[in-house]
Protein chains: 2
Amino acid sequence: MNTNQADDALLALAQSFREALRQSVYVMRRLDSEEPLSAAQLGALKMALDGDARVGGIARNLGVKVPSATEQIIKLERAGLLQREADPDDSRAVRVVATPEGRVAVENADRRRNEYIAGILGTLSQAERDAVAAALPVFDKINNSLQNQARN
Amino acid sequence: MNTNQADDALLALAQSFREALRQSVYVMRRLDSEEPLSAAQLGALKMALDGDARVGGIARNLGVKVPSATEQIIKLERAGLLQREADPDDSRAVRVVATPEGRVAVENADRRRNEYIAGILGTLSQAERDAVAAALPVFDKINNSLQNQARN
DNA sequence: CCTAACAGTTAGGCAACCTAAATATCAAGC
DNA sequence: GCTTGATATTTAGGTTGCCTAACTGTTAGG
């Protein structure tokens with residue numbers, strides 16, 4: 001039947017998609033393992049760059065619970081890459097602000113990682129790069145769906 | 001200059017690609033967190049299904065070191081999902097074989113995860129699904145490049 | 001034989017996540 | 001102007017999955 005065929009195609013695509021996800025996790029591990037700033041720390045520090053990030057907001061954006069964000073923030077603070085300040089409007093809250101060193105660290109971390117990936121992308125054909133570029137927004141959409149659906 | 005423009009485009013694509021990778025890691029965590037079989041265990045168990053998998057081969061396929069594979073295998077063995085047997089050809093080696101329960105567990109785990117992803121994919125337009133399907137082989141190629149390049 | 005390479009396990013450690021509980025502040029109702 | 005429930009964060013303690021180093025046993029080449 002038509003619906004079953006459609007379902008099968010969808011399931012097959014889902015299977016391939018999952019395989020790509022699995023590989024991505026592996027690639028991320030490799031990519032980050034030799035860097036001075038871990039992925040978790042880079043993510044948190046990036047949000048501190050805006051200057052008005054609070055711990056809870058960082059946790060939400062990173063997709064982790066608040067204590068996990070606190071943990072990364074403490075590490076970054078000890079490394080001198082950001083500072084925690086009292087929020088003038090709400091003394092329960094803590095504002096997280098990157099230091100100049102933190103800003104430099106983010107720039108370096110991003111640049112190195114981007115150059116590394118760009119090196120790989122450069123070996124592809126233009127058609128392949130186009131295929132990737134076309135799919136990225138859809139990936140984003142999928143990821144957001146999954147994110148919202150899994151929200152407690 | 002032309003090369004600089006090309007480089008810039010490549011770097012921009014790399015940046016978006018990295019963002020997608022980051023999200024993928026997050027999505028995988030959500031996807032696996034409510035499942036009885038973890039991603040690491042499902043991966044190892046799948047290879048045991050073929051029947052002729054050895055610990056080193058599983059580690060290589062999972063992209064982890066041998067002790068990490070051993071760890072997952074021991075957990076799976078304790079759960080009754082696979083068995084370790086002496087390799088008749090090489091007594092240093094251990095052959096890892098899934099039990100019937102293990103086979104069922106893989107089928108269930110795969111089916112549930114696939115259905116979950118398929119549910120999301122079903123909300124996309126056909127054009128979007130085509131874009132994903134077109135990009136997956138390229139992702140695979142990229143991931144393999146990164147994998148080989150990062151090999152020690 | 002003997003020695004180097006190989007397959008696997010064990011031991012110990014680290015990063016990043018989690019939940020539960022403690023602390024402090026805010027804000028709403030009476 | 002208190003009390004009480006909600007909110008923001010930290011602390012404490014635990015889990016998972018990965019790693020390296022060191023150990024045991026087996027194989028194979030010279």
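In what follows, every heavy atom counts, from backbone to side chain, and hydrogens, waters and symmetry copies are set aside. Protein chains get the first letters and strands the later ones, always in sequence-line order, with residue 1 at the start of each.
Regarding contacts with the backbone of D:dG17, a side-chain N or O of B:K75 is found under 4.0 angstrom from either OP1 or OP2. Residue A:Q72 places none of its side-chain N or O atoms closer than 4.0 Å to OP1 or OP2 of C:dA15. For the pair A:S38 and C:dA15, the criterion of a side-chain N or O lying under 4.0 Å from OP1 or OP2 is not met. Within the 4.0 Å cut-off from OP1 or OP2 of D:dA8, not a single side-chain nitrogen or oxygen of A:S91 is found. When the side-chain nitrogen and oxygen atoms of A:K65 are compared with OP1 and OP2 of D:dT9, none of them lie within a distance under 4.0 Å. The phosphate of C:dC18 has neither OP1 nor OP2 within less than 4.0 Å of any side-chain N or O from B:S33. In this structure, A:Q41 does not reach the C:dA15 phosphate: none of its side-chain N or O atoms is under 4.0 Å from OP1 or OP2.
Toward the 5' end of DNA chain C, the nearer of the two residues A:D89 and A:A69, judged by each one's closest nucleotide, is A:A69.
Sorted by first then second residue, the side-chain hydrogen bond (donor to acceptor under 3.5 Å, both in side chains) pairs that include residues 36-51 of chain A, not counting sequence neighbours, are A:K46-A:D110.
For the pair A:I58 CD1 and D:dA8 C1', the computed distance is 13 Å after rounding to whole Å. Rounded to whole angstrom, the span from the CG atom of A:L42 across to the C1' atom of C:dA16 amounts to 15 Å. Between A:R60 atom CZ and D:dT7 atom P the separation is 12 Å, expressed in whole Å. Spacing between atom CZ of A:R29 and atom P of C:dC17 amounts to 13 Å, rounded to whole angstrom units. Rounded to whole Å, the distance from CZ on A:R95 to P on D:dT9 is 12 Å. When the P atom of C:dA16 is taken as reference, atom CG of A:L62 falls 11 Å away, rounded to whole Å. A:L76 has its CG atom 13 Å from the C1' atom of C:dA15, to the nearest Å. Atoms CG (B:D87) and P (C:dT9) sit 13 Å apart, rounded to a whole Å.
B:N108 and B:R111 share a donor-acceptor pair across their side chains, judged by distance under 3.5 Å alone. No side-chain donor-acceptor contact under 3.5 Å links B:R22 and B:Y26.
Contact annotation: the side chain of A:I117 never approaches that of B:I142 to less than 4.5 Å [non-hydrogen atoms, C-beta and beyond]. With a 4.5 Å cut-off on side-chain heavy atoms, A:V96 and A:L76 do not count as touching.
A:D90 comes within 4.0 angstrom of sugar-phosphate atoms only, judged by non-hydrogen atoms across all strands, and of no base.
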Distances under 3.5 Å between protein N/O atoms and the N/O atoms of nucleotides 10-12 of chain D, please, pair by pair.
from: D:dT10; atom 1: OP1; to: A:R84; atom 2: NH1; distance (Å): 2.3
from: D:dT10; atom 1: OP2; to: A:T70; atom 2: OG1; distance (Å): 2.8

At a cut-off of 3.5 Å, list every protein nitrogen or oxygen paired with a nitrogen or oxygen from nucleotides 28-30 of chain D, distance to 0.1 Å.
none

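Aromatic ring orientation, A:F139 versus A:F17: tilted (interplanar angle from 30° to 60°).
In terms of the side chain to side chain contact (heavy atoms under 4.5 Å, CB included) criterion, residue partners of A:D140 (sequence neighbours excluded) are, by chain and number, A:N144, B:Q23. With sequence neighbours excluded, no residue forms a salt bridge (charged side-chain N to carboxylate O under 4.0 Å, His left out) with B:E115.
Remark on the helix from C:dC1-D:dG30 to C:dC30-D:dG1: inter-end axis angle 10°, axes from five-pair C1' superpositions, rounded to 10°.
Nearest to the side-chain atoms of B:A93 among the listed nucleotides C:dC18, C:dA7, D:dC18 stands C:dA7.
Side-chain N or O atoms of A:S16 include one that pairs as donor or acceptor with a backbone N or O of A:A12 at under 3.5 Å.
The structure places CE of A:M47 at 12.5 Å from CG of A:L82, a figure rounded to the nearest 0.5 Å.
Grouping the Ile, Leu, Val, Met, Phe, Trp and Tyr side chains by contacts below 4.5 angstrom, directly or via other members, places A:L136 with A:M28. Both A:V64 and A:L37 sit in one connected hydrophobic cluster of ILVMFWY residues. Membership requires side-chain heavy atoms under 4.5 Å apart, directly or through other members.
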- Item | Intermediate values then yes/no, side-chain contact (heavy atoms from CB on, under 4.5 Å), A:I120 and B:K141 | CA-CA 10 Å; A:I120 308 285; B:K141 197 170 167 182; over 6 Å; no
